[in-house]
Number of protein chains: 4
Amino acid sequence: MNASLQPAVFGATGYSGFELVRLLTRHPGAKKPLLLRRNGEAGGCADLAEAYPQLAGNGGFPLQSFSWHELKSAGVDVVFFATPHEFSRDVAPEAIANGFRVIDLSGAWRLKDRGHRNVYGFTEKPEDAALDNAAIYGLPELHAGEIRNATLLANPGCYSTSIILALAPWIRAGFADLEHGIICDSKSGVSGAGKAPTAKTHFVEVDGDFSAYSVFGHRHTGEVLEQLGIGGGSLQFTPHLLPIPRGILSTIYVKLAKPATAEELELSLREFYAGKPWVRVFGAARLPQIKFSLNTNYCDIGFSLSPDGKRAVLVSCLDNLLKGAAGQAIQNMNLMFGWDEREGLQ
Amino acid sequence: MNASLQPAVFGATGYSGFELVRLLTRHPGAKKPLLLRRNGEAGGCADLAEAYPQLAGNGGFPLQSFSWHELKSAGVDVVFFATPHEFSRDVAPEAIANGFRVIDLSGAWRLKDRGHRNVYGFTEKPEDAALDNAAIYGLPELHAGEIRNATLLANPGCYSTSIILALAPWIRAGFADLEHGIICDSKSGVSGAGKAPTAKTHFVEVDGDFSAYSVFGHRHTGEVLEQLGIGGGSLQFTPHLLPIPRGILSTIYVKLAKPATAEELELSLREFYAGKPWVRVFGAARLPQIKFSLNTNYCDIGFSLSPDGKRAVLVSCLDNLLKGAAGQAIQNMNLMFGWDEREGLQ
Amino acid sequence: MNASLQPAVFGATGYSGFELVRLLTRHPGAKKPLLLRRNGEAGGCADLAEAYPQLAGNGGFPLQSFSWHELKSAGVDVVFFATPHEFSRDVAPEAIANGFRVIDLSGAWRLKDRGHRNVYGFTEKPEDAALDNAAIYGLPELHAGEIRNATLLANPGCYSTSIILALAPWIRAGFADLEHGIICDSKSGVSGAGKAPTAKTHFVEVDGDFSAYSVFGHRHTGEVLEQLGIGGGSLQFTPHLLPIPRGILSTIYVKLAKPATAEELELSLREFYAGKPWVRVFGAARLPQIKFSLNTNYCDIGFSLSPDGKRAVLVSCLDNLLKGAAGQAIQNMNLMFGWDEREGLQ
Amino acid sequence: MNASLQPAVFGATGYSGFELVRLLTRHPGAKKPLLLRRNGEAGGCADLAEAYPQLAGNGGFPLQSFSWHELKSAGVDVVFFATPHEFSRDVAPEAIANGFRVIDLSGAWRLKDRGHRNVYGFTEKPEDAALDNAAIYGLPELHAGEIRNATLLANPGCYSTSIILALAPWIRAGFADLEHGIICDSKSGVSGAGKAPTAKTHFVEVDGDFSAYSVFGHRHTGEVLEQLGIGGGSLQFTPHLLPIPRGILSTIYVKLAKPATAEELELSLREFYAGKPWVRVFGAARLPQIKFSLNTNYCDIGFSLSPDGKRAVLVSCLDNLLKGAAGQAIQNMNLMFGWDEREGLQ
């Protein structure tokens with residue numbers, strides 16, 4: 001396989017951005033990525049290895065300013081945005097207008113419903129409506145076909161990925177009692193809160209603690225509802241902060257809409273994910289734990305059925321920086337450029 | 001206040017037992033506890049300070065074997081069991097027959113319903129039926145009156161305390177839709193798993209990980225149902241293991257049975273716990289976090305109400321070794337011997 | 001004991017300040033402290049319980065601005081500074097000029113030698129020279145007599161306390177080969193870096209990591225040299241950052257200046273600290289660990305002697321926020337106001 | 001590159017063994033390893049993925065018993081021992097007698113000096129003397145030539161690797177004052193203590209703690225002395241237990257034997273490691289931290305020079321399960337079978 005694709009990355013200094021650079025650097029089909037400095041980016045470093053000395057010994061990773069014209073001359077094929085959503089909302093349209101395909105890791109382009117988008121507080125510019133419509137939600141297990149042709153790829157949220165992948169099979173198969181309502185109790189490591197140091201991410205505050213936050217109001221809720229095709233009354237999502245650097249576990253409570261055995265429920269998951277390399281279905285014998293998928297691009301899914309067969313608890317796990325962000329972005333890139341979904345992720 | 005009470009402790013070397021000794025040692029009404037060696041106790045140390053050098057500088061804490069007769073001669077008033085439930089099931093009846101009051105921190109005597117007790121696998125001896133009936137469930141916020149006169153005090157489970165205290169006010173006030181069902185998603189630190197080293201408590205396994213366990217089958221479920229006076233179909237409990245040494249947070253999902261404002265719901269909690277020194281009701285502004293109650297005997301309770309006012313999420317926190325075990329045992333001792341509930345716990 | 005002393009505290013919102021408030025609140029001889037807002041203090045909260053909800057249920061802890069005159073009217077006896085050293089350097093002289101006794105937890109007044117002070121970059125005002133001379137270094141195990149009469153008490157650094165207490169006995173007894181040189185390899189938890197969120201204290205950066213810093217240049221070195229009465233060539237100090245919230249362990253390498261048995265070396269420590277309640281000498285059987293002194297005011301000291309009897313490794317541990325800061329400040333307050341050193345610290 | 005080499009592994013269930021299997025599985029030159037069950041191995045699992053579910057989705061990893069004859073028939077080229085040293089001492093000679101090359105990760109064959117070996121308490125069988133002599137110490141940066149032809153490869157200890165690699169250049173160049181003595185203060189994550197659950201590895205004991213152990217008596221000391229060609233009086237080694245899963249940092253104190261600038265000292269390191277892909281020399285600007293080399297096969301080395309130019313502090317870091325164990329074993333395998341040292345490790 002020849003390294004023929006030239007990627008460029010905005011936001012390489014964040015946690016997702018760094019993982020993206022690491023993955024691109026060892027991807028056999030990709031050239032070393034150009035790291036794009038945002039205009040007026042504060043606290044910037046000249047080379048990514050200053051912020052991440054773990055890169056030492058692998059050559060330079062300069063952060064540079066480029067014009068769109070210079071990016072074209074450099075043969076760039078795809079521009080990644082691992083940036084705050086405001087930046088992506090502003091700059092991704094320019095990239096597309098200049099002929100680049102875009103993979104955006106922020107929440108800027110994930111939502112079709114204006115009501116859901118409101119939670120981000122974007123100014124809704126009329127000229128963005130077409131892009132809002134054209135953007136493809138980049139969950140390969142649901143939308144591989146559209147992803148292949150995407151110009152603007154909206155990479156899913158980390159919590160959303162863990163919830164949607166767990167629930168999609170049973171909702172499609174009619175196993176979930178939507179009227180009763182589904183409860184998603186999710187827990188995430190601290191890197192999900194980003195690299196900016198705040199009171200909430202201070203080691204002394206986080207270590208030994210655990211807390212719920214954004215109850216009834218987390219931004220990822222809209223993605224989950226849109227992708228599962230259900231209304232707000234059918235699902236409730238509560239995120240929590242785990243005192244670990246990375247990883248998400250979602251505990252999902254489902255009342256069954258019709259009687260089902262554990263075998264039927266497991267089969268439903270296995271059939272849905274047959275041939276999907278980055279979802280692992282765990283049998284009844286063992287529930288997934290955060291560690292099993294850490295540092296991998298897997299989403300692991302398992303469940304327990306109540307003794308009376310009326311309720312089930314789904315548990316799904318993933319690494320929020322990989323299947324929940326940079327890994328999934330690479331998986332999407334693989335589809336967009338005609339490669340195997342696994343390429344560069346093993 | 002004179003130190004007039006002579007306590008004795010079985011199981012001082014465990015985590016709850018050590019906390020108990022620490023609390024008794026500085027309790028103004030209690031003499032230094034006698035530490036009782038169990039017959040044939042393996043891996044025993046001669047002095048508790050060998051296992052817990054943090055005790056150094058506070059005199060000796062010898063672990064010794066005593067006959068019941070010797071305990072009487074030593075003027076012992078109360079015997080604590082911080083032991084496995086099998087031991088308590090065997091030995092507590094002897095202690096009571098010899099005239100001692102007993103405070104048992106195990107699950108041996110908490111359950112009235114034989115079906116619930118079955119989960120422990122006790123052999124049900126006919127002669128224990130009277131004690132099963134006489135045992136008082138030691139949750140002071142619900143049963144202070146009976147606790148004062150208890151001979152056999154069954155100290156509640158750690159998870160159970162966090163769930164019962166959060167739910168009791170709203171269930172009594174009719175706010176909780178029991179038919180819809182309540183979901184309790186609880187998370188506990190590792191000391192809840194005990195001091196015996198196992199694959200599940202190895203630092204390398206736990207650190208950075210998070211997992212659910214005993215889904216649909218945890219032993220504390222029966223306590224919760226009995227104390228709240230509800231059936232098994234009304235409540236679902238899932239415990240998880242947090243990578244922290246101590247602390248429990250329970251996230252509890254309630255569908256409201258009747259319309260209520262946040263003010264009414266908060267008032268219900270505040271009225272229920274008025275004059276109860278060891279429960280803190282958090283207002284709508286801030287949910288409790290594990291750290292707030294760590295190293296204290298408080299149970300902290302807060303909640304969020306959904307925008308449509310139909311569902312609420314309760315969050316309760318406590319230190320599993322204090323309000324969830326040894327601290328609550330002292331609170332019960334205070335009631336049993338006529339002292340203020342706060343004595344020795346501040 | 002009547003609560004007769006009225007303390008006031010600058011800097012209550014920091015980690016040391018909060019511990020100080022917690023200790024003062026339960027000290028039997030002290031009234032509830034007045035919490036002093038610094039002029040223009042940024043990000044301030046109206047009540048300390050907003051920043052530390054663990055205080056809930058103990059009444060209000062308002063942060064307020066006071067004039068010196070108001071503090072006098074309020075009967076304040078002593079003013080604590082748990083503030084950056086620049087603030088203490090500016091404001092402590094005013095407090096003293098207004099008749100208050102001062103206990104300063106910063107590095108502002110600890111050093112007699114101007115060369116050592118230079119590392120802090122103070123502007124040396126001529127009018128401060130008298131205070132520099134009058135300030136008493138508040139290590140009670142070395143200077144109890146002077147501390148009793150101190151007007152300006154300079155509370156020692158956390159690292160310094162762990163090193164000075166370990167080395168003072170052997171240096172005085174002539175056991176340490178100063179010409180060969182002593183090496184102090186110290187490790188501290190993250191609270192030593194303060195409460196301000198920075199890249200160095202971000203949970204994701206610290207968790208799972210470990211690093212040396214300020215090699216050959218840490219500010220506490222001067223204190224150690226002055227208090228031990230030795231020159232810079234005799235001692236080398238390297239601090240490291242531990243991924244834990246609190247606690248310091250110093251590993252100290254000493255070449256013996258004269259032959260000695262382990263018994264003689266242990267006796268030297270035991271005699272030096274006889275009657276000193278807050279130092280525990282560990283025998284040869286067991287070295288101290290950080291956990292043993294956590295949440296206490298103890299400094300624990302132990303050592304190993306090489307098989308050839310020529311070299312020894314001292315290990316000392318303490319809680320950097322207690323014996324290394326707020327606890328030691330209370331111990332000093334006890335001496336300054338005629339109480340037992342243990343008061344309020346058990 | 002064809003996968004032509006057939007490895008077999010004793011001890012795959014331990015932490016080093018699992019890393020070894022993981023590395024071999026993705027090594028382009030190696031077939032999937034055969035996992036060898038030790039006779040009477042307790043608590044064994046039928047498939048490695050039971051103990052390490054992170055392996056799920058990569059086919060089976062059965063643990064099986066084999067005779068030497070069966071291993072030959074299976075075309076095995078090399079047998080890895082990731083086992084206790086007693087097992088390796090017993091079984092490795094058999095493997096060699098049966099014509100297999102052996103890479104042993106235990107301490108069984110590392111030491112030439114019988115006095116140093118005594119610390120392990122082996123029974124010294126006469127027939128093992130030849131193997132003791134023939135065994136090659138597998139530190140590729142020092143012994144690449146001999147490693148290529150090794151039959152019995154003794155993979156170095158984790159601490160030893162971090163210390164030897166840091167000191168070898170300056171000792172060979174005469175910069176280190178050996179008469180004065182070198183002090184190595186090392187800190188390791190918990191996986192270095194192995195996978196067996198013990199009181200020392202219980203999460204509740206380790207988390208938030210830090211301690212020194214085996215002062216003046218750690219088994220790795222002999223390796224360091226032999227490899228550096230120095231006597232026991234010249235170097236002192238103190239290990240400590242860090243509350244992290246993996247990683248080692250050694251802080252090494254050197255008095256310079258002759259005046260040197262920082263540039264000269266850095267050049268000495270750079271020249272020594274020129275062309276050595278798995279050692280990274282950090283410049284004066286930044287010392288290595290544990291995180292930089294975590295999950296890699298790098299050993300990172302940096303230093304600080306005292307202002308008077310007379311003393312230096314070396315800091316070296318590595319991942320104890322990779323460059324300190326399984327990664328280095330693969331690096332040795334690469335040399336033994338004629339491949340690039342980097343193969344399968346990037």
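In what follows, every heavy atom counts, from backbone to side chain, and hydrogens, waters and symmetry copies are set aside. All values reported here derive from a predicted model rather than from experimental measurement. Here is how names work: the chains are called A, B, and so on, in the same order as the sequence lines, proteins then strands, and each is numbered from 1.
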Query raised in the report: Checking heavy atoms, do the side chain of A:Leu55, its backbone, both or neither come under 4.5 Å from chain D?
Result: backbone
Query raised in the report: Checking heavy atoms, do the side chain of D:Phe282, its backbone, both or neither come under 4.5 Å from chain A?
Result: side chain
Report task. Check whether D:Arg280 gets within reach of chain A through its side chain, its backbone, both or neither, counting any heavy atom under 4.5 Å. Result -> side chain
Report task. Measure D:Asp300 against the heavy atoms of chain A and call it side chain, backbone, both or neither at under 4.5 Å. Result -> neither
Query raised in the report: Taking A:Leu20 as the fixed residue, which of A:Leu321, A:Leu322, A:Thr25, A:Val9 is the one that meets the side chain to side chain contact (heavy atoms under 4.5 Å, CB included) rule?
Result: A:Val9
Report summary line: From the list D:Gly57, D:Ala56, D:Pro288, the residue making the most non-hydrogen contacts under 4.5 Å with chain A is D:Ala56
Requested in this report: For this output row, return yes or no: ring centroids of D:Phe272 and D:Trp170 closer than 6.0 angstrom.
Outcome: no
**Report entry** Interchain contact, A:Tyr298 with chain D, by part (heavy-atom threshold 4.5 Å)
**Finding:** side chain
Requested in this report: Take D:Arg270 and D:Glu263 through the test salt bridge (Lys or Arg N to Asp or Glu O under 4.0 Å) and record every step on the way to the result.
Outcome: CA-CA 10 Å; D:Arg270 292 203 182 278; D:Glu263 291 68 31; over 6 Å; no
Query raised in the report: Do we see a donor-acceptor contact under 3.5 Å between the side chains of A:Thr161 and A:Gln328?
Result: yes
Query - Short side-chain donor-acceptor distance under 3.5 Å, A:Lys323 and A:Ser162 - result: no
